[in-house]
Amino acid sequence: MTVIDGRAISASIRNEIKAEVAKMKERGPVPGLAVIIVGDDPASKVYVRNKGRACEEAGIYSEIIELPEKTEQGELLGIIDKLNARAGINGILVQLPLPRHIDEKAVTARILPEKDVDSFCDENVGKVAVGAPRFLPCTPAGVMELLHRSGACIEGCECVVIGRSNIVGKPMAMMLLKENGTVTVCHSKTKNLIEHTRRADILVSAIGKPKFITGEMIKPGAVVIDVGINRTPDGKICGDVDFDSAAKVASMITPVPGGVGPMTITMLLKNTITAAKLQNDTNV
Ligand code: NAD
């Protein structure tokens, strides 16, 4: 059984990214990312800080725009419009969740599709769905990198995704399908979940329930990818998968923390580079 080391894989991709940014710098401007955060949610602040730091380490220009909780939607839209028009900013993301008085959909839709490095807007979601992505949504893209770099077989294999959210489950299913997996999507209304999970050669769990997937639900030799990030009552982080029982059955498994988590920001950096190349009309 192999534990897929997301930290190590992420570090090697970040080295590749750093080298690519250095090459871009020789020819022209470095890629630029703007991150907007509204309010004081502590978890969001940590995520935003980590994104800024990751950009800095990769040589990517970043700008963090911190706005007070009471910011009006109109003001936020105006800020996005200005960033849309700035040549040095290739990617824009708004950290979610937003305060309740702001319409998330209206805000994410305001970002130019060419700068929507989270791949949240309808146009970019549609491009993923038809198999011609501009940007890949970061978390499922990170899962694909883990599968590729661990040598997991996707083509023709039974891939079961648990969770159907727009940011993880659905795009995950699309990406596995694009690589010729035979994909099943399970969710909270799925009957006999275990019958599906036990068929899976690749099982991706994105539910948000601690230790919900146990060893008996897993096919012997399966590759198990745990996207879940849950907090246990004693304050620790754990995944959706009961690691100890699952590790006895799986051939490869991602830990939490240290599996999918480190990949998400790495994929954001990759999308920012892609955005810069598309906007500066160089080879992608
Ligand atoms: P979500 O709440 O939007 O979706 C959860 C999904 O789980 C739903 O589609 C629901 O149908 C399904 N579900 C709930 N209960 C179920 C059950 N009993 N059986 C089968 N399916 C069930 O969550 P999300 O945004 O997709 O995130 C899922 C998990 O992944 C969360 O723990 C989140 O913190 C984590 N996450 C991690 C990263 C990362 O970078 N590693 C990124 C995004 C989300």
Side-chain angles (χ1 to χ4, degrees), residues 3-7 9-10 13-14 35 41-44 46-51 53-54 93-98 104-105 108 117-120 125 128 135-147 159-176 183-200 203-214 216-218 224-233 235-243 246 253-271:
V3 177
I4 298 175
D5 187 344
R7 288 199 185 104
I9 293 175
S10 173
I13 300 174
R14 287 197 197 188
V35 181
D41 178 61
S44 294
V46 173
Y47 292 141
V48 167
R49 207 181 312 135
N50 288 344
K51 286 168 187 172
R53 196 178 303 144
L93 78 82
V94 177
Q95 186 67 41
L96 302 178
L98 287 168
E104 264 179 24
K105 186 83 189 160
T108 50
V117 282
D118 262 336
S119 201
F120 281 173
V125 170
V128 173
F135 305 117
L136 292 172
C138 300
T139 300
V143 172
M144 295 307 288
E145 286 282 359
L146 291 178
L147 292 172
C159 304
V160 175
V161 178
I162 321 178
R164 56 173 162 183
S165 72
N166 287 332
I167 63 165
V168 189
K170 278 188 208 161
M172 186 77 255
M174 295 299 172
M175 288 182 210
L176 290 165
V183 182
T184 305
V185 182
C186 300
H187 46 79
S188 55
K189 302 282 189 277
T190 297
K191 289 179 183 151
N192 300 321
L193 183 66
I194 192 168
E195 284 179 14
H196 298 284
T197 59
R198 270 192 180 157
R199 273 193 295 107
L203 180 64
V204 181
S205 182
I207 310 173
K209 293 205 159 118
K211 302 188 180 187
F212 185 81
I213 306 293
T214 53
E216 59 159 13
M217 299 171 78
I218 295 168
V224 178
I225 305 287
D226 190 352
V227 182
I229 301 177
N230 310 293
R231 209 166 271 282
T232 57
K236 290 197 179 125
I237 299 282
C238 78
D240 292 344
V241 178
D242 176 37
F243 186 87
I253 185 167
T254 60
V256 177
V260 177
M263 297 297 291
T264 299
I265 294 183
T266 302
M267 294 300 110
L268 174 68
L269 301 179
K270 237 184 161 179
N271 282 349

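Remember, it's 1-based here, ligands and their atoms both numbered in the order they're listed.
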May I ask you to decide if [Y]'s main-chain N or O and [X]'s side chain share a donor-acceptor pair within less than 3.5 Å?
| X | Y | value |
| --- | --- | --- |
| D240 | G208 | yes |
| D226 | G228 | yes |
| D41 | S44 | yes |

- request: Mind checking the CD-CD1 spacing from E216 to I213? Nearest 0.5 Å is all I need.
  value: 10.5 Å
task: May I ask you to test the T264-Y47 pair for a side-chain heavy-atom distance under 4.5 Å?
output: no
- prompt: Can you name the residues that come within less than 4.0 Å of ligand 1, going by heavy atoms only?
  reply: T139, I162, G163, R164, S165, I167, V168, H187, S188, A206, I207, G208, K209, F212, V227, G228, I229, N230, V260, G261, T264
- prompt: Can you name the nearest heavy-atom pair linking G6 to L146, along with the distance?
  reply: CA-CD2, 4.0 Å
